[in-house]
There are 2 protein chains.
Amino acid sequence: MEITFKAINDPTRREILVFLIGGAQNAGEIAKQFSMSKPSISHHLDLLKQGNLILAEKKGQYIIYSLNRSGFELVHSWFQGFAQYFEFPKPKIRL
Amino acid sequence: MEITFKAINDPTRREILVFLIGGAQNAGEIAKQFSMSKPSISHHLDLLKQGNLILAEKKGQYIIYSLNRSGFELVHSWFQGFAQYFEFPKPKIRL
DNA sequence: TAAATATTTAAACGAATGTCTAAATATTTA
DNA sequence: TAAATATTTAGACATTCGTTTAAATATTTA
């Protein structure tokens, strides 16, 4: 969980995730979207992969990245507890 | 948005949020939950407040912290795009 | 096989982060 | 008013993070 939240923390990585909603892409195409070196993007992709937010599949000399349901499910379920709180707020403590 | 994700990134801060599901608490009671100095917790509370994830209300010499719907709504709406991509089941409660 | 292409790994470095102790501020109580 | 309590602010410091350039690995093409 720690690594998944960490992966989501960076703005560039969040942009990569949003970009991938449009469909799977190879590393080079992803890197083109950003004014940043390819090694930096490669590093961000690695962290997103560690957080189970994307999948990597090697296709020849390319590596195709796509969104991974698993990481999003983790975060989604963490938020469910709060969704319930806001629907049924508990009384404040007595002072 | 940046500051909200940043606030959620730290494990101690996430624990504070989960703790507050149980109801509003003053800073001292929150600090008791952790083996960490009060100034550190105070700092974490400040970041959570900046991220609109908690509210602070002064009551005498105490400061009462409670969950703030606003920050959670922000993150939740960001996730909606992915929920649609993955076709997550819709939650019973909408944030 | 050699060159070109795609991507990652390694090393370095400044900036940001989380923690601590000490001091400051605000409020309540004796 | 002085002391006690609650909390924050300030300053310091080690660790983590994001970025870069240079080098390495893997694959395809000429």
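Note that the coordinates shown come from a computational prediction; the quantities given were computed from them, not determined experimentally. So you know, we letter chains A, B, ... as the sequences are listed, proteins then strands, and number each from 1.
How far CG of B:L48 is from CG of B:L55: 11.5 Å, rounded to the nearest 0.5 Å. Of the inter-residue distances, the one linking A:L47 atom CG with A:K6 atom NZ reads 5.5 Å to the nearest 0.5 angstrom.
The side chain of A:S42 has C:dT9 as its nearest neighbour among C:dT9, C:dT19, D:dT7. The B:S37 side chain lies nearest to C:dT21 when the options are C:dT21, D:dT7, C:dT9. Of the listed nucleotides (D:dT19, D:dT27, C:dA22), D:dT27 has the atom at the smallest distance from the side chain of A:K58. Distance from the side chain of B:R13 is smallest for C:dG18 among the nucleotides D:dT19, C:dG18, C:dT8. Closest approach to the B:N26 side chain among C:dT7, D:dT7, D:dT8 is made by D:dT7 (side chain taken as heavy atoms from C-beta onward).
In this structure, A:K38 atom NZ and D:dT19 atom P are separated by 17 Å, rounded to whole Å. One interatomic measurement links the two molecules: CG of A:L45 to C1' of D:dT19, which rounds to 15 Å at whole-angstrom precision. Regarding A:K32, its NZ atom lies at a distance of 12 Å from the C1' atom of C:dT5, rounded to whole Å. Distance CD1 (A:I63) to P (D:dT25): 15 Å, rounded to an integer number of Å. Spacing between atom CD of A:E29 and atom P of C:dT7 amounts to 8 Å, rounded to whole angstrom units. As a whole-Å value, the separation of A:H44 NE2 from C:dT8 P is 13 Å. In this entry the distance linking CZ of B:R14 with P of C:dG18 reads 11 Å, nearest Å. Following rounding to the nearest Å, A:L47 (CG) and C:dT8 (C1') show an atom-to-atom distance of 13 Å.
Map A:I41 and A:Q61 each onto its nearest nucleotide of DNA chain D; the residue landing nearer the 5' end is A:I41. Nearest-nucleotide assignment on DNA chain D puts the 5′-proximal partner with A:D10, out of A:K59 and A:D10. Each of A:D46 and B:K6 was matched to the nucleotide of DNA chain C holding its nearest heavy atom; the match closer to the 5' end belongs to A:D46.
D:dT1 is paired with C:dA30 under the criterion used here, namely a Watson-Crick or G-U wobble arrangement in which both key atom distances are under 3.5 Å. Across all strands shown, C:dA15 pairs with D:dT16; the Watson-Crick or G-U wobble distances both stay below 3.5 Å. Across all strands shown, D:dT25 forms a Watson-Crick or G-U wobble pair with C:dA6, both key distances being under 3.5 Å.
At a threshold of 4.0 angstrom between heavy atoms, the contacts of B:F34 with the nucleic acid are absent. Nucleic acid contact for A:H43: base, since at least one base atom lies under 4.0 Å from a heavy atom of the residue.
With respect to A:E15 and A:R13, no salt bridge is recorded, no charged nitrogen being found less than 4.0 Å from a carboxylate O.
B:G71 and B:L53 get closest at one heavy-atom pair: C-CD2, 3.8 Å. Of all non-hydrogen atoms in B:I54 and B:L45, the two that sit nearest each other are CD1-O, 3.4 Å.
The aromatic rings of B:F79 and A:F72 stand perpendicular to each other, their planes meeting at an angle above 60°, with 30° marking the opposite boundary.
Taking side-chain N and O atoms only, B:Y65 has a distance below 4.0 Å to OP1 or OP2 of D:dT8.
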